Amino acid sequence: MKSKLGHILFGVKPENLTFYKELLGFMGWDLLYDDPAMVGVGNEGGGSLWFGCEVKDIANDYDGPGMNHLGINVESLADVDIVAAYLKERGVEHLFETPRHRPEFCGEGETYYQVMFTSPDNILFEVLYSGPVSA
């Protein structure tokens with residue numbers, strides 16, 4: 001048997017849908033669905049991320065049970081910096097002293113470079129490049 005990621009659905013407040021649509025569109029994801037209650041985006045691998053559905057009026061705690069963060073790979077170190085600048089221009093705080101290299105997450109001659117941030121719904125995101133240092 002083989003399997004791959006199909007989709008992930010995030011419960012978010014409707015007033016925050018534009019954040020996800022614009023961020024992921026900026027990062028090259030294709031818009032699959034867009035209405036006042038839900039946004040869906042897809043990537044080349046066939047996976048999709050969906051934002052919407054009814055949510056209870058409680059705060060998401062990424063350090064509690066459930067998903068800690070969503071990691072999105074990019075193709076170069078420069079791409080991480082481009083996303084970091086995009087976030088900064090929009091007043092989105094970078095977390096955990098990022099962007100930064102994480103040598104403990106990679107082997108010799110490679111790097112793991114990340115920026116981490118939370119969405120308006122307190123979903124923790126990581127945008128990262130992992131691979132040869134020269135990229």
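From a predicted model like this one, the values you see are computed outputs, not experimental measurements.
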> More than 12 non-hydrogen atoms from neighbouring residues, nucleotides or ligands closer than 6.0 Å to CD on Glu15, yes or no?
Replying inline: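 Yes, CD of Glu15 has more than 12 neighbouring heavy atoms, counting only those of other groups under 6.0 Å.
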Can you give me the closest heavy-atom contact between [X] and [Y], atom names plus distance?
X      : Y      : value
Pro36  : Leu17  : O-CD1, 3.4 Å
Pro132 : Thr111 : O-CG2, 4.3 Å
Leu128 : Gly71  : CD2-CA, 4.3 Å
Pro99  : His94  : CD-ND1, 3.6 Å
Met116 : Gln114 : SD-NE2, 3.5 Å

Is [Y] reachable from [X] through a run of I, L, V, M, F, W or Y residues, each pair having side-chain heavy atoms under 4.5 Å apart?
X      : Y      : answer
Val55  : Phe10  : no
Tyr33  : Trp29  : no
Leu87  : Ile82  : yes
Phe26  : Val115 : yes
Val127 : Val41  : yes

> Any chance the rings of Tyr129 and Tyr113 have centres within less than 6.0 Å?
Replying inline: no
>> Below 30° counts as parallel, above 60° as perpendicular, anything between as tilted: where do the rings of Phe125 and Phe51 land?
In response: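 Parallel: the ring planes of Phe125 and Phe51 meet at under 30°.
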>> Taking Glu104 first and then Arg102, would you say they form a salt bridge - that is, a charged N and a carboxylate O separated by under 4.0 Å?
In response: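 Answer for the salt bridge query: yes.
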> In Å and rounded to the nearest 0.5 Å, what is the CG to CG distance from Asp30 to Asn43?
Replying inline: 8.5 Å
> In Å, rounded to the nearest 0.5 Å, how long is the span from CZ of Phe19 to NZ of Lys13?
Replying inline: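 Reported to 0.5 Å precision, the distance equals 14.0 Å.
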Using side-chain heavy atoms (C-beta onward) and a distance below 4.5 Å, is [X] in contact with [Y]?
X      : Y      : result
Glu126 : Ile72  : no
Leu24  : Leu49  : yes
Ser119 : Tyr20  : yes
Asn68  : Asp63  : yes
Val12  : Trp50  : no
Phe117 : Leu124 : no
Asp79  : Met27  : no

>> Checking Tyr62 against Asn60 for the side chain to side chain donor-acceptor pair (under 3.5 Å) test, could you report, in this order, the C-alpha distance in whole Å, the side-chain angles of both residues, the deciding distance, and whether it holds?
In response: CA-CA 6 Å; Tyr62 53 78; Asn60 181 51; over 6 Å; no
> Could you walk me through whether Leu23 and Arg90 pass the side chain to side chain contact (heavy atoms under 4.5 Å, CB included) check?
Replying inline: CA-CA 10 Å; Leu23 171 67; Arg90 286 154 181 79; over 6 Å; no
>> Tell me whether Asp121 contacts the main-chain N or O of Ile123 through its side chain, where contact means a donor paired with an acceptor under 3.5 Å.
In response: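 No, Asp121 side chain to Ile123 backbone: no donor-acceptor pair under 3.5 Å.
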>> Has Ser48 got a side-chain atom pairing as donor or acceptor with His7's backbone, closer than 3.5 angstrom?
In response: no
